[in-house]
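Here is the naming used below: chain letters follow the sequence lines, and residue numbers restart at 1 for every chain.
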Number of protein chains: 2
Amino acid sequence: MAAVEGDDSATTAGSTLGYALLSLLTRGPATGYQLTQQVKAPLGHFWTARHSQIYPELARLAAAGWVDSVEQAGPGPRAKKTYAVTAAGLAALRAWLVIPPTAQPRSEITLKAYAATSADPAAMAALYADLADRSTRVLAEYQQDAERMRAAGQDEPAHPRFGNYAVLMMGIESQRAVHRWACWLAACLRTGRAVAYGEPTAD
Amino acid sequence: MAAVEGDDSATTAGSTLGYALLSLLTRGPATGYQLTQQVKAPLGHFWTARHSQIYPELARLAAAGWVDSVEQAGPGPRAKKTYAVTAAGLAALRAWLVIPPTAQPRSEITLKAYAATSADPAAMAALYADLADRSTRVLAEYQQDAERMRAAGQDEPAHPRFGNYAVLMMGIESQRAVHRWACWLAACLRTGRAVAYGEPTAD
DNA sequence: CCTCACTATGTAACTTCTGACATGTCAACT
DNA sequence: AGTTGACATGTCAGAAGTTACATAGTGAGG
């Protein structure tokens, strides 16, 4: 244990963000800046991080031997670093992937619904009507992305970017769920009476 | 604070947890311990907190004048405190409720799907098959809760606990979404070929 | 009699995440 | 000539959240 290098990779328990970055790097080498762009979509629909969190995390991953970096002259005062996942990093990612996750989701809009009766019904109805609208637009956008991906064969599990498609599918399901729920809740608050769930309302 | 009392409530920007606790307290006075139990369900499906986070937050809410507390002799070495929301607290909650939330959800299981191609397909298929199973059981449980609530008239927006029903409805939608997605993803990984979304698979 | 679970409240150390501060180049537009 | 936006990397303070430590009464079951 004392003499062998790369020993860290066995004992270091990475953070969730670390594994997220590792997942991004399996799609090819990237700089911290590029990773910051890539966590926006489609990963960003279910996991986000700012650059201020990404740069230190990349340093930790490098220290653990899970990623390698090569430096080039950058546009700013510092060198530009391109990171790539190592064999140890890939092994760590693989091990983490098959552990069933336990974390509960957090949704502020659902939390607000919990206190819906404390607020002005009209204002709350407007809030959820707006949410329903927004989810319709987002859903249309996701559907287009999905169509593009299918045309590129990304819906095949063997495709290296199949994960992007899988995440997008969850995004579509989520937006549909939110849309149905928001429509129902808005109808309840607008009419002030119990509305059967799933029954279409005149919209 | 200098001349006008309750001045704090206008300037203090509460944390999300603070508003969650305020929402719980609109259902009636409670101790920190009881609030810890109540964040488990149905609120816990979309927002959780440990007692170690709740007690300090209650102290902050009390300092801001958003909650009041009365002390009784407790079983342990310290006095038991029962909290109730004040007029200022209710006003703050009302103001917060109508602000459209922006926070993105976080889902570890979806993040793992993003890297699905890096892991052993059989192990990943098992992971999502298991998730589909679990969501079926959870859904059945939620449906029973919903039935009970409807019997109690909690599906009426005028009912003081309507929020519990609204949150549960979102829980049902979410579990359905997760179930459909997990079934599809498991089928993809098991067969190794593109499976059309929504097409029922032999299960 | 002992152990276990429930009631009940708190603190301390640590990790994770956000928002602001800080620097500097290059290309396009005005 | 000046401004805006993209590229590119970092730090720091503080908020939010988790895990573990600490204490103590009551009642049920073995």
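As rounded to whole Å, 11 Å separates atom P of C/dT16 from atom CD of B/E108. Distance CD (B/E71) to P (C/dT9): 10 Å, rounded to an integer number of Å. Put simply, CD on B/Q104 is 14 Å from P on C/dC17, counting in whole angstrom units. Rounding to whole angstrom units, CD1 of residue B/I54 and P of C/dA8 are separated by 14 Å. Taking atom CG on B/L58 and atom C1' on C/dA8, their separation rounds to 13 Å, with Å as the unit. Counting to the nearest Å, the C1' atom of D/dA15 and the OH atom of B/Y19 are 15 Å from each other. Note: OH (A/Y55) to C1' (C/dT18) measures 17 Å, nearest angstrom. The distance between atom NE2 of B/H51 and atom P of D/dA22, rounded to the nearest whole Å, is 14 Å.
Here A/R50 lies in heavy-atom contact (under 4.0 Å) with sugar-phosphate atoms only.
Using a distance-only test at 3.5 Å, with no hydrogens or angles considered, a donor-acceptor pair links the side chain of A/Y197 to the main chain of A/W181. Side-chain atoms of B/W184 come within 3.5 Å of backbone N or O of B/V195 as a donor-acceptor pair. When atom types are taken as modelled, the side chain of A/T31 and the backbone of A/T82 share no donor-acceptor pair closer than 3.5 angstrom.
Between A/G74 and B/Q53, the residue whose closest nucleotide on DNA chain C is further toward the 5' end is B/Q53. Between A/R60 and A/P77, it is A/R60 whose nearest contact on DNA chain C lies nearer the 5' terminus.
Taking the side chain of A/T48 as heavy atoms from C-beta on, and the options C/dT18, D/dT9, D/dT18, the nearest nucleotide is C/dT18. Candidate nucleotides C/dA8, C/dG10, C/dC17 were compared by shortest atom distance to the side chain of A/W47, and C/dC17 ranks first. Among the nucleotides D/dT9, C/dT25, D/dA22, the one closest to any side-chain atom of B/R78 is D/dA22. Here the nucleotide nearest the side chain of A/R106, chosen from D/dT18, D/dT11, C/dT7, is D/dT18. Of the candidate nucleotides C/dG10, D/dG10, C/dT11, D/dG10 has the atom lying nearest to any side-chain atom of A/Y83.
For B/S52 against D/dT19, a side-chain-to-base donor-acceptor contact under 3.5 Å is present.
A side-chain N or O of A/Y165 and one of A/R150 form a donor-acceptor pair less than 3.5 Å apart.
Under the 6.0 Å distance and 45° angle rule, A/R176 does not count as a cation-pi partner of A/Y142.
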